[in-house]
K.L.:
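The structure under discussion is supplied below as structure tokens; questions concerning it will follow.
In each ligand, atom 1 is the first atom listed, and ligand 1 is the first ligand listed. Here the structure is a predicted model, which is why all the values come from computation and not from measurement.
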Amino acid sequence: MLTARISCVFFFVAILSQGGSTQDTDEEYNGKYIGKLNTYHHQIAGDVYAVDEYTLLLTSFSYDGTGADTFFWAGATNHPGPQGFIVPDEFGKTNVLDRYLNKDFTLTLPDNKKITDIKWFAIYDLSNQNTFGDVNIPDEFDPPSPQRISQLSKRSHGVTSEAIIILDAKTISIPAFYYDGLGNDTYFWVGVGPQPSTTGSKVPDEYGYLDPLRHYKGEDIVIQLPGEMTIRNINWLSIFDVATKSNYGSVVIPEGLNVPPSLVKVVKHVEALPNCVQLHKNYQVSWEIFGPQITIQLSGQIKEDEYMAFGLSGSEERSQMEGADVTVAYVDGARGYAVDYNITAKAPCGKTLGQYKGVCKDELVGGLDSNQMYTTVRENGISIISYRRTLISSDSGDKVYPTDRPVYVIWALGRLDENKEPNFHDFYPKSDLKLELNRQEPHSTCTDFTMSSRKFREIWEKSDIFDRSIRTFKATIGPSGGKRGYQGITGQTSMGLAWYINGQLIPELYLRRGLTYSFRVHGGNNPHSANLYHPLIITDEPHGGYDRLSDRAQNQVRVLAGVEFTRRGRPRPTAVGPLCLSKHEGRDRRLDDDFLTFKKFNRTLVYTCEEGEGGLLEVTPNSSWPDTVWYNSFTHANMGWKIHVVDEYMRVSSKGALTITTSFLTTVVIFLFFRVI
Ligand SMILES: *[C@@H]1O[C@H](CO)[C@@H](O)[C@H](O)[C@H]1NC(C)=O
Ligand SMILES: *[C@@H]1O[C@H](CO)[C@@H](O)[C@H](O)[C@H]1NC(C)=O
Ligand SMILES: *[C@@H]1O[C@H](CO)[C@@H](O)[C@H](O)[C@H]1NC(C)=O
Ligand SMILES: *[C@@H]1O[C@H](CO)[C@@H](O)[C@H](O)[C@H]1NC(C)=O
């Protein structure tokens with residue numbers, strides 16, 4: 001296979017701040033302006049905005065960094081003075097401030113204090129009680145906050161909701177959303193003008209899909225406006241059927257809402273190739289046919305260990321994985337790959353009865369790699385890979401790219417395993433997708449990528465249980481904690497519940513081979529409960545939910561503990577126990593993302609346990625166990641996390657240095673050592 005080094009010749013990728021230099025003359029919306037920092041010493045400069053009730057945004061902030069004991073400082077007295085409190089810096093730390101030059105960042109007031117609780121914000125030196133710069137919070141200041149507007153008007157197809165909440169300039173929450181899902185070409189649709197019309201644009205659904213909307217049964221969902229669009233650019237939101245031009249229900253977005261700005265970054269992406277289709281909020285394919293060849297460019301907002309797949313469907317009638325001819329593309333370091341695959345089964349490539357089956361490289365199944373790598377870019381969290389192939393390949397196993405008719409395609413985004421083979425896909429088409437490859441007039445539906453706000457990328461600190469003296473684990477069930485919790489920590493989707501081990505949310509466990517450990521399982525013992533029956537299992541793959549897998553998929557999984565097989569060969573869980581469940585009590589689940597730490601989140605939960613001892617799962621890892629295994633639920637996927645199976649309790653730090661955590665002291669000494677440096 002040919003690979004090309006990173007080349008920027010064909011692409012122009014630039015990060016623009018939301019609402020930045022667009023054709024729209026709309027000036028950038030940073031929230032509500034508080035004022036310019038007054039400068040007294042040390043070259044303080046900058047502007048201060050309120051992003052929401054708790055958060056300040058500093059723009060173009062400068063400070064020479066030479067104060068000895070200087071902090072961000074705020075208080076409720078009339079003027080800055082010793083009575084106040086430290087406002088943690090942009091990293092949430094309360095260290096003495098360093099130098100800043102023209103920086104933009106947000107600061108969150110500590111302990112849920114509100115901007116309306118303070119009268120000033122300052123850059124202040126504590127030891128000599130000197131104010132270097134400050135700004136006053138005006139009396140009666142009304143910081144931006146999420147705004148409730150009306151509910152969706154009932155028109156047809158069962159569309160209703162509770163009052164819609166504009167969370168920020170790009171984010172719309174639709175509580176208790178109902179829609180019967182029967183429209184054929186129906187989307188979240190926004191636009192300008194007095195009422196919903198076909199001249200609008202699609203908004204990706206709550207998972208970023210652009211497929212027609214499914215059936216919703218009173219769910220609380222959150223959608224984000226695409227590209228640079230903000231609520232200031234639209235007048236209405238509709239559930240709109242484009243095929244029949246009908247509005248099934250809509251809401252008017254009032255002007256001038258005092259909502260928080262969106263701090264989402266917009267990555268401007270100018271396509272190199274004339275045809276482009278947005279497959280998902282985070283994924284686009286563009287192409288050009290020239291002579292006997294097609295050039296395809298895949299652009300995805302993905303992590304470095306993820307892949308983008310795209311290709312021709314295995315069926316002439318629909319988008320189907322089995323039988324498909326696809327390319328799996330990814331960036332590895334500075335190299336890009338676009339590998340030709342053949343899909344014979346919905347499973348990772350494996351050998352059954354001497355034959356390769358599953359998602360396998362063409363080269364493994366007797367074919368050729370027909371792709372020619374062209375260019376690779378990895379920038380701003382976006383991988384862009386282009387490759388070429390002939391429309392009619394010399395490999396007879398490949399599919400022909402038709403130029404005389406539309407063709408069904410398939411796509412996926414997912415993770416690569418350790419061997420850089422595509423694993424379980426996280427995103428894939430929810431409905432059939434047909435593309436006309438050889439259009440007279442090139443056509444593009446692609447929008448800019450939006451990067452999730454920093455707020456959401458700050459996940460809760462990962463926890464682990466790395467203690468040779470702990471041999472018993474209590475496994476209970478609790479809420480998975482939104483984007484900062486399970487989803488953020490594991491990168492996997494969540495069904496809303498997750499394992500808590502000894503009171504921690506999905507800690508990574510360390511078990512030593514040869515030692516025996518007991519799990520006391522409190523996952524519920526009523527097999528008829530749809531979502532509160534969770535026997536604990538340990539397997540060699542990260543998802544669990546063993547009971548729901550097909551026989552074929554079960555055969556791919558190695559169960560290490562928690563499942564026995566009946567005489568008929570049916571799996572039966574062994575570690576079943578009464579339910580211990582922690583719950584949000586009276587608090588809106590949508591606020592999960594607002595908690596900065598699991599500890600704070602945990603304090604809002606109410607724990608209830610049914611009577612009785614937990615089901616017992618006893619394990620003694622031995623040399624046949626892989627180094628990483630996963631604890632999960634027997635019934636539902638994605639509720640648990642990693643177990644490191646070790647021969648010794650040794651920790652390898654991320655920098656590659658080996659630390660033996662025999663004692664707390666060692667850690668302290670190492671820590672001090674680095675502080676001194
Ligand atoms: C969707 O398409 C089917 C088949 O073409 C048609 O019978 C049905 O009426 C359509 N539904 C709507 C809501 O237009
Ligand atoms: C893909 O697998 C199918 C079924 O085994 C086979 O017919 C086809 O030729 C294969 N394609 C390639 C490129 O090898
Ligand atoms: C979470 O709360 C429970 C019950 O109050 C407590 O036992 C547990 O230790 C807490 N976990 C953490 C990590 O704070
Ligand atoms: C190792 O552990 C596995 C799974 O727990 C068990 O099936 C196997 O018998 C054990 N092997 C040895 C040599 O003890």
K.L.:
Check the pair K245 / D185 against salt bridge (charged side-chain N to carboxylate O under 4.0 Å, His left out), numbers first and verdict last.
P.N.:
CA-CA 9 Å; K245 305 186 179 163; D185 207 8; over 6 Å; no

K.L.:
Does the side chain of Q504 come under 3.5 Å of the side chain of S463 through a donor N or O and an acceptor N or O?
P.N.:
yes

K.L.:
What do we get for T244 next to ligand 1 when only non-hydrogen atoms under 4.0 Å count, side chain, backbone, both or neither?
P.N.:
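For T244, the contact with ligand 1 is made by the side chain alone.
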
K.L.:
Please report whether the ring centroid of F427 lies less than 6.0 Å from that of W411.
P.N.:
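Ring centroids of W411 and F427 are no less than 6.0 Å from each other.
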
K.L.:
Does any N or O atom in G503 lie less than 3.5 angstrom from one in ligand 3, N or O only?
P.N.:
yes

K.L.:
Among L505, N602, L605, T604, which one puts a heavy atom closest to atom 12 (C) of ligand 3?
P.N.:
N602

K.L.:
Would you call Y500 a ligand 3 contact, heavy-atom distance under 4.0 Å?
P.N.:
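Under 4.0 Å: no for Y500.
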
K.L.:
Does the protein come close to atom 14 (O) of ligand 1 - that is, does one of its heavy atoms sit below 4.0 Å from that atom?
P.N.:
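Protein heavy atom within 4.0 Å of atom 14 (O) of ligand 1: present.
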
K.L.:
Quiz question for you: does at least one protein heavy atom lie closer than 4.0 Å to atom 7 (O) of ligand 1?
P.N.:
no

K.L.:
Using a distance-only test with no angle check, is there a side-chain donor-acceptor pair under 3.5 angstrom linking R512 and T620?
P.N.:
no

K.L.:
To the nearest 0.1 Å, how far is atom 4 (C) of ligand 3 from its closest protein heavy atom, and which atom is that?
P.N.:
Y607 CE1, 3.6 Å

K.L.:
Output the list of atoms in ligand 1 that are nearer than 4.0 Å to some heavy atom of H157, sorted by atom number.
P.N.:
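Selected atoms, number and element: 13 (C).
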
K.L.:
Pick one of side chain, backbone, both or neither for how L560 approaches ligand 4, counting any non-hydrogen atom pair under 4.0 Å.
P.N.:
backbone

K.L.:
Establish, from distance only, whether the side-chain atoms of D241 and Y248 form a donor-acceptor pair under 3.5 Å.
P.N.:
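Yes, a side-chain donor-acceptor pair sits under 3.5 Å.
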
K.L.:
Nearest protein heavy atom to atom 5 (O) of ligand 1, by residue and atom, and its distance?
P.N.:
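In this structure, atom 5 (O) of ligand 1 has N184 ND2, 4.6 Å as its nearest protein heavy atom.
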
K.L.:
For ligand 1, which atoms have a heavy atom of Y248 less than 4.0 angstrom away?
P.N.:
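It comes down to these atoms of ligand 1: 13 (C).
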
K.L.:
Will you find, in the side chains of T199 and S197, an N or O donor that is under 3.5 Å from an N or O acceptor?
P.N.:
yes

K.L.:
Short check: is a protein heavy atom less than 4.0 Å from atom 2 (O) of ligand 3?
P.N.:
yes

K.L.:
What atoms in ligand 1 come closer than 4.0 Å to a heavy atom of L182?
P.N.:
11 (N), 13 (C)

K.L.:
Going by the atom numbers of ligand 4, which of them fall below 4.0 Å from some non-hydrogen atom of S624?
P.N.:
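Heavy-atom distances to S624 below 4.0 Å select 1 (C), 2 (O).
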
K.L.:
Taking all atoms of both residues into account, what is the closest heavy-atom pair of S238 and N247, and its distance?
P.N.:
OG-OD1, 2.9 Å

K.L.:
Centre-to-centre under 6.0 Å for F473 and F519, is that the case here?
P.N.:
yes

K.L.:
Do K113's NZ or CZ and the ring of F85 fall within the cation-pi criteria of under 6.0 Å and 45°?
P.N.:
yes

K.L.:
Assess the pair F188 and F177: is the distance between their ring centroids shorter than 6.0 Å?
P.N.:
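Distance test on ring centres: under 6.0 Å, yes.
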
K.L.:
In the protein, what heavy atom is nearest to atom 9 (O) of ligand 4, and what distance, to one decimal place, separates them?
P.N.:
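Ranked first by proximity to atom 9 (O) of ligand 4 is N622 ND2, 4.7 Å.
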
